[in-house]
Amino acid sequence: ALRFHNTKHLFNRQVDRGFAVEDVKAVVKYADSKKKQRTGRRGGTISKFKKTVDGKTLVVVAEIKKAECWLMTAYHED
């Protein structure tokens, strides 16, 4: 199982963009799609995850290294 770490940026965006951190974690765990972006500063892989629920797609960018996951940002896709 992944151990999640929230970032300050994610916390700020959560307030601005109206999503719950639990929803963000669910997108990473049960993504409809996952696209690798680059290597992150912690030595993990930064990927973009997407999941659509009730007609709204939540996009999450996170860095994963072994069992650690740093949630970087999230937003609803138009």
Side-chain angles (χ1 to χ4, degrees):
L2 287 173
R3 195 165 98 210
F4 290 96
H5 306 278
N6 298 336
T7 61
K8 184 171 174 43
H9 179 80
L10 179 77
F11 176 77
N12 292 339
R13 296 296 77 81
Q14 175 190 359
V15 174
D16 296 345
R17 298 175 183 164
F19 56 78
V21 172
E22 290 306 314
D23 294 337
V24 172
K25 292 177 184 178
V27 170
V28 172
K29 288 198 257 187
Y30 309 110
D32 294 332
S33 70
K34 174 184 173 182
K35 183 178 177 191
K36 292 182 180 177
Q37 304 287 303
R38 63 187 183 278
T39 300
R41 63 185 176 108
R42 296 170 185 91
T45 301
I46 295 176
S47 298
K48 184 182 284 187
F49 302 83
K50 291 184 180 184
K51 181 147 184 72
T52 302
V53 177
D54 297 330
K56 290 179 86 173
T57 300
L58 186 59
V59 180
V60 177
V61 178
E63 180 177 352
I64 297 178
K65 182 177 180 184
K66 297 183 182 176
E68 304 292 320
C69 178
W70 291 269
L71 301 168
M72 298 167 66
T73 195
Y75 56 92
H76 286 103
E77 194 171 64
D78 292 333

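Screening residues 25-73 for ring-ring contact (aromatic ring centres under 6.0 Å, His included), with sequence neighbours left out, gives His5-Trp70.
With sequence neighbours excluded, the residues that form a side chain to side chain contact (heavy atoms under 4.5 Å, CB included) with Asp23 are Ala20, Leu58. Qualifying side chain to side chain contact (heavy atoms under 4.5 Å, CB included) partners for Thr39, counting only residues two or more places apart in sequence or in other chains: none. For Lys36, the side chain to side chain contact (heavy atoms under 4.5 Å, CB included) partners at least two apart in sequence or on another chain are Thr45, Ser47. For Tyr75, the side chain to side chain contact (heavy atoms under 4.5 Å, CB included) partners are Arg17, Lys48, Val59, not counting sequence neighbours.
Phe4 places a side-chain heavy atom less than 4.5 Å from the side chain of Val28.
Screening Lys50, Lys56, Lys51 for a salt bridge (charged side-chain N to carboxylate O under 4.0 Å, His left out) with Glu77, the sole residue that qualifies is Lys50.
Residue Ala1 comes nearest to Ala67 through the heavy atom pair O-CB, 3.8 Å, listed as atom of the first residue, atom of the second, then distance.
Atom-to-atom distance recorded for Lys8:NZ and Arg13:CZ is 9.5 Å, nearest 0.5 angstrom. In this structure, NZ on Lys34 lies 5.0 Å from CD1 on Ile64, to the nearest 0.5 angstrom. Here Glu63 contributes atom CD and Arg38 contributes atom CZ; the two are 8.5 Å apart, rounded to the nearest 0.5 Å. For the atom pair CZ of Phe11 and CG of Asp16, the computed distance is 10.0 Å after rounding to the nearest 0.5 Å.
Met72 belongs to a hydrophobic cluster whose remaining members, ordered by chain and number, are Ile46, Val61; membership requires side-chain heavy atoms of ILVMFWY residues under 4.5 Å apart, directly or through intermediates.
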